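The model shown is predicted, which means the values in this text are computed figures rather than measured ones. The chains referred to below are lettered A, B, ... by the order of the sequence lines, with proteins before strands, and numbering in each begins at 1.
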Amino acid sequence: MNKEQRKIPGDYKSAHLLGRFGGQYVPETLMAPLRELEEAYRLFSRDPGFRNRLKYLLSDYAGRPTPLYFAERLSKYAGGARIYLKREDLCHTGAHKINNCLGQALLAKMMGKKRVIAETGAGQHGVATATACALLELTCEVYMGSVDIERQALNVFRMELLGARVIPVTTGSRTLKDACNEALRDWVTNVGNTYYLLGSTVGPRPYPMMVRNFQTVIGKEAKAQYKKAEGGLPDYLVACVGGGSNSLGLFYPFIKDPVRFIGVEAGGRGLKTGEHAATLLKGRPGVLHGSFSYLLQDRDGQVRPTHSISAGLDYPGVGPEHSYFKESGRAEYVSVTDRQTLRAAILLSRREGIIPALESAHAIAYAVRLARRLKRNQSIIVCLSGRGDKDLEIIQKA
Amino acid sequence: MNKIDATFQKLRSEKSKAFIAYLTVGFPDLETNLKLILEMERRGVDIIELGVPFSDPIADGLTIQASSQAALEQGTTPGDALRLASEIRSRSSLPLVLMGYLNPFLSHPPERLAGELSRAGIDGVIIPDLPPEESDFILDPLKEQGIHTISLLAPTSGIERIKLVSRKSGGFIYYVSRTGVTGARKDLSKGLVERIIEIKKLANLPVCVGFGISTRSQLLKIWEVADGVVIGSALIRPFLESSTASGGLKKSIQVLDRLLGND
């Protein structure tokens with residue numbers, strides 16, 4: 001099939017409507033601060049001073065643009081489509097999270113907030129927030145589940161070294177979801193001087209769109225880089241989905257192009273075991289952390305415990321825009337188990353000399369499977385969202 | 001007439017103020033819930049707020065978080081809250097307000113849910129994570145059953161929001177006394193009295209104040225200007241501090257008596 005004849009999948013209509021998903025389901029105390037944030041974001045995202053400063057930080061400080069690398073040996077191994085890796089793992093701090101953190105920390109600074117709080121799962125968002133706060137002279141406190149503190153100890157030390165305070169969360173499942181709860185409780189208490197720097201495309205409006213917009217630098221670069229390298233457009237984009245920020249960042253600039261999007265969710269010990277974090281595949285719509293979106297929950301609407309080998313995907317919710325993509329058919333969602341993920345991490349390390357984060361290894365695992373089914377003249381861009389240093393202990397133990 | 005409206009009408013004619021008691025359904029257990037509620041009625045509580053335990057109570061402090069988690073671990077469901085309400089309704093005419101986070105409400109079509117709440121004898125609902133902008137889908141079916149949707153106002157709410165909430169809320173307005181989560185505090189927040197007076201000027205509904213109130217003197221100060229107080233954590237904490245349900249019940253009633261000035 002000729003590339004120009006390909007169709008845009010699904011009936012995705014507008015960049016601004018999320019159908020029934022999204023919204024602002026938060027305690028009354030947060031309604032005014034959310035309005036203030038929406039207003040500030042609208043203002044500053046158009047302000048040339050803000051935009052130039054962010055552009056400068058992304059290039060000279062964070063190391064953008066990141067390469068779009070043709071993974072020749074991995075492609076040869078798969079024996080089908082050409083696999084390209086968008087190397088977000090080469091960003092300063094080792095993951096795509098810094099793109100959003102620099103944007104939001106700059107916004108916090110311009111709003112006159114002195115204190116920044118964040119939630120973190122794998123610790124990548126916490127490290128990126130601590131980094132941006134160190135650079136911009138903001139006080140930083142990061143909520144992290146005690147389970148995650150244990151399994152991502154290196155990142156805890158990094159945050160502390162950067163001058164942030166890491167606050168252990170010992171309630172509920174003691175993972176990312178509970179860190180989010182605790183960050184919201186902090187924000188509700190300290191709304192006056194505090195900026196909540198949310199790390200993914202989740203939460204109440206304007207966070208999902210704001211975080212996505214700060215991450216679209218991934219897709220914009222990839223699109224231009226691919227065009228230069230190969231001409232035209234790739235056939236597929238593949239990225240892991242926890243909350244959904246690296247995937248939306250890659251997908252969004254291709255929204256009106258005939259390119260298929262595949263989001264890879266954490267299959268944990270297998271979808272049948274119930275021990276997974278495959279929200280879009282196994283959940284139903286509900287409200288958690290301020291927005292209406294797919295959610296892993298029981299019959300009574302209690303949020304269900306999740307499991308994933310990767311702390312960054314171990315979350316029962318998902319960004320509302322992904323729910324919209326799912327229902328409109330614009331993106332497809334699949335899952336990859338813990339074991340397949342580990343194998344993919346080892347495969348990429350051996351074949352390409354790149355040790356991926358376990359989150360990103362989910363996308364690698366699926367991309368290899370997909371490439372095998374495709375023709376040699378087809379291509380896939382995978383978002384390699386983070387590097388694997390933080391996961392070495394888990395990989396070693398497995 | 002809705003029981004909440006009737007209660008405020010009666011209190012107004014007596015020049016008296018409302019004492020609203022919150023408890024977590026299923027904590028320490030349903031049987032103790034019922035005993036406590038019947039005691040509350042005898043001692044002069046005006047409205048009961050039944051808290052449906054939720055896995056992620058983002059507006060609650062440690063006391064209610066702990067009680068919710070314990071209730072869920074014992075298998076308490078939203079259905080239990082309705083069964084408890086029916087049981088209370090068969091023995092008492094106290095107004096019943098169901099307080100719950102939004103997500104469990106979404107597990108049922110709003111019309112069916114409203115019917116079930118009405119049959120269980122619920123007079124009002126409070127959904128702390130449902131601001132008035134997003135509430136129409138559930139507000140209308142509830143209204144049809146004569147059930148009030150009680151909205152909240154907070155220290156951060158501006159004049160426009162006060163007007164919006166007083167237009168949308170039913171029964172009364174729940175004023176959150178401070179920025180923060182639920183849980184007993186030593187002091188009232190600064191400017192609280194002035195703030196209540198401001199809201200009462202703009203709103204045509206009774207205004208009740210909750211979050212952080214745990215002593216008789218705090219309560220009296222609020223009663224001077226507001227139409228009622230909501231007390232939760234102070235009544236729940238004795239159960240967390242006692243090894244038995246009956247011990248917790250005894251202590252919780254002592255706290256209640258102190259707050260009501262019955263001692």
Side-chain angles (χ1 to χ4, degrees), chain A residues 20 22-36 119 169-174 176-194 203-205 283-293 295-306 316-317, chain B residues 52-62 65-66 68-69 71-72 75-81 100-108 127-135 137 151-158 160-162 164-165 169 173-183 211-212:
Chain A
R20 58 196 182 116
Q24 289 179 320
Y25 299 94
V26 293
E28 172 65 21
T29 308
L30 294 181
M31 291 302 284
L34 282 174
R35 175 68 62 84
E36 184 197 0
E119 81 297 335
V169 176
T170 54
T171 51
S173 60
R174 292 170 284 140
L176 179 55
K177 171 191 78 128
D178 309 281
C180 248
N181 290 343
E182 220 40 61
L184 282 166
R185 289 185 189 117
D186 182 316
W187 196 30
V188 112
T189 309
N190 303 299
V191 277
N193 67 348
T194 298
R205 195 175 67 238
R284 68 184 156 86
V287 166
L288 178 69
H289 299 149
S291 64
F292 185 65
S293 189
L295 178 63
L296 288 168
Q297 53 181 317
D298 71 11
R299 208 189 42 184
D300 290 325
Q302 305 292 353
V303 179
R304 272 190 28 198
T306 52
Chain B
V52 183
F54 180 53
S55 51
D56 297 86
I58 55 164
D60 284 305
L62 289 172
Q65 281 179 49
S68 302
Q69 200 163 341
L72 288 174
T76 309
T77 65
D80 288 329
Y101 288 86
L102 179 58
N103 197 53
F105 283 95
L106 299 177
S107 296
H108 311 277
I127 308 176
D129 53 349
L130 183 65
E133 285 89 340
E134 315 268 8
S135 70
F137 77 99
S151 295
L152 297 95
L153 280 171
T156 53
S157 315
E160 286 310 309
R161 296 197 63 77
I162 296 175
L164 173 71
V165 161
S169 192
I173 289 171
Y174 189 133
Y175 183 67
V176 175
S177 78
R178 60 182 67 238
T179 59
V181 292
T182 59
F211 279 47

Looking only at P33(A), G286(A), S173(A), C180(A), the option with the highest number of non-hydrogen pairs under 4.5 Å against chain B is G286(A)
Need one label for L102(B): side chain, backbone, both or neither, based on atoms under 4.5 Å from any heavy atom in chain A.
side chain
What residue, out of V176(B), L72(B), D129(B), has the most heavy-atom pairs lying under 4.5 Å from chain A?
D129(B)
If one checks every heavy atom of R299(A) against chain B at 4.5 Å, the contacting part turns out to be backbone
Contact class of P132(B) relative to chain A, heavy atoms under 4.5 angstrom
side chain
Ignoring hydrogens and angles, state whether a donor on the side chain of T182(B) or D60(B) is under 3.5 Å from an acceptor on the partner side chain.
yes
Test item: L30(A) and V191(A) side chains (from C-beta on) under 4.5 Å apart, heavy atoms:
yes
Is there a side-chain contact between T171(A) and N181(A), using heavy atoms and a 4.5 Å cut-off?
no
Show the numbers, then the answer: is there a side chain to side chain contact (heavy atoms under 4.5 Å, CB included) between L153(B) and E28(A)?
CA-CA 6 Å; L153(B) 280 171; E28(A) 172 65 21; 4.2 Å; yes
Chain B heavy atoms under 4.5 Å from Q297(A): which part of the residue, side chain, backbone, both or neither?
side chain
Carboxylate-amine/guanidinium contact E133(B) R161(B), below 4.0 Å
yes
